[in-house]
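This report concerns only the one structure given below.
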Amino acid sequence: MTVERRLARSGFTLTRDYPAPIGRVWDAFADEPQKLAWWGAGDDIEPGEWAFDFRVGGRDVAEGIFHHGWVSRYEATYTDIVEHNRIVTSYDMWIDGMHMSTSVASLEFDPTDDGTRFTHTEHGVFFDRFWDGGTGREEGTRGLLDALGTYLA
């Protein structure tokens, strides 16, 4: 079988206002038990490999089997962390062992009168048969931010 080689690029920014102090929102990312409590919550997935190393140069891995059969794998490296201010990662996604994409994501935490304004900005490159994956990535990230909001409530 011949694979059509192509690239697509996608970027998006999502902003949420959470009625929780920055320390609480930050800890939802920086503390492993807290991240496990909301990351992927509500997804129809059987958890697989998990690794958590929250430090510059550290790596996170989240793998799981969706109940409709395919395996998703996320591998991230933390490239910049400024406590209570920002997290920057580069990460790769695989579907059933095929490299889907490489992305850079910045997560920003800003105080507001009512809590925290959280901004997720992402730029990705999608490979070959996954060239149209940008819209799905944004939708998946929206789901994660919704799960975070439910967790913080």
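Positions are given from 1, in the same order as the sequence printed here.
Here the CG-CD distance, from Leu36 to Gln34, works out to 10.5 Å after rounding to the nearest 0.5 Å. Note: Ile95 CD1 to Trp70 CH2 = 4.5 Å, rounded to the nearest 0.5 Å. From Phe12, atom CZ reaches atom OG1 of Thr141 across 3.5 Å, with rounding to the nearest 0.5 Å. Distance check, rounded to the nearest 0.5 Å: CG of Asp92 to OG of Ser103 gives 8.0 Å. Rounding to the nearest 0.5 angstrom, the gap separating the OG atom in Ser101 from the CZ atom in Phe127 is 7.0 Å. Note: Leu144 CG to Tyr151 OH = 14.5 Å, rounded to the nearest 0.5 Å.
The heavy-atom pair separating Thr79 from Thr89 by the smallest distance is OG1-N, 4.1 Å. Closest of all the heavy-atom pairs between Leu145 and Leu14 is CD1-CB, 3.9 Å. Closest heavy-atom contact between Gly23 and His84: CA-NE2, 3.9 Å.
Hydrophobic clustering, with ILVMFWY side chains joined whenever heavy atoms are under 4.5 angstrom apart, keeps Met93 apart from Val104. In the hydrophobic cluster analysis, where Ile, Leu, Val, Met, Phe, Trp and Tyr join through side-chain heavy atoms closer than 4.5 angstrom, Leu148 is grouped together with Ile81. The same ILVMFWY cluster, assembled from side-chain heavy atoms under 4.5 Å apart, contains both Val56 and Phe109.
The main-chain N or O of Val125 is never found under 3.5 Å from a side-chain atom of Thr102 such that the two would form a donor-acceptor pair. For the pair Thr116 (side chain) and Tyr18 (backbone), a donor-acceptor distance under 3.5 Å is absent.
In this structure, Arg117 places its CZ atom where only 12 or fewer heavy-atom neighbours from other residues, nucleotides or ligands lie under 6.0 Å away.
Ring geometry for Phe52 against Trp50 counts as parallel: the plane angle stays under 30°, on a 0 to 90° scale with 60° as the upper cut. Classified by interplanar angle (parallel below 30°, tilted 30° to 60°, perpendicular above 60°), the ring pair Phe29/Trp38 is perpendicular.
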Distance-only check: which donor-acceptor pairs under 3.5 Å involve side-chain atoms of residues 57-64, not counting sequence neighbours?
from  : atom 1 : to    : atom 2 : distance (Å)
Arg59 : NH2    : Glu75 : OE1    : 3.1
Asp60 : OD1    : Asp53 : N      : 3.1
Asp60 : OD1    : Tyr78 : OH     : 3.4
Asp60 : OD2    : Lys35 : NZ     : 3.1
Asp60 : OD2    : Tyr78 : OH     : 2.4
Glu63 : OE1    : Arg73 : NH1    : 2.9

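In this structure, Glu138 and His120 have side chains that are not in contact, with every pair of non-hydrogen atoms separated by 4.5 Å or more. With a 4.5 Å cut-off on side-chain heavy atoms, Val25 and Leu152 count as touching. With contacts defined as side-chain heavy-atom distances shorter than 4.5 Å, the pair Thr121/Ser106 qualifies. Using a 4.5 Å heavy-atom threshold, the side chains of Asp128 and His99 count as separate.
For Tyr91 and Tyr74, the ring centers are positioned less than 6.0 Å apart.
Every side chain to side chain donor-acceptor pair (under 3.5 Å) that Asp80 has, sequence neighbours left out, goes to Arg86. Not counting sequence neighbours, Arg24 has no partner by the side chain to side chain donor-acceptor pair (under 3.5 Å) test.
Each of Leu107, Ile87, Asn85 was checked for a side-chain contact (heavy atoms from CB on, under 4.5 Å) with Trp26, and the lone residue meeting it is Ile87.
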>> Before you tell me yes or no, could you show the steps for Met100 and Trp94 under side-chain contact (heavy atoms from CB on, under 4.5 Å), namely the whole-Å CA-CA distance, both residues' side-chain angles and the distance that decides it to 0.1 Å?
In response: CA-CA 5 Å; Met100 175 187 191; Trp94 284 266; 5.9 Å; no

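Under 3.5 Å, the side chains of Arg137 and Ser10 contain no donor-acceptor pair of N or O atoms.
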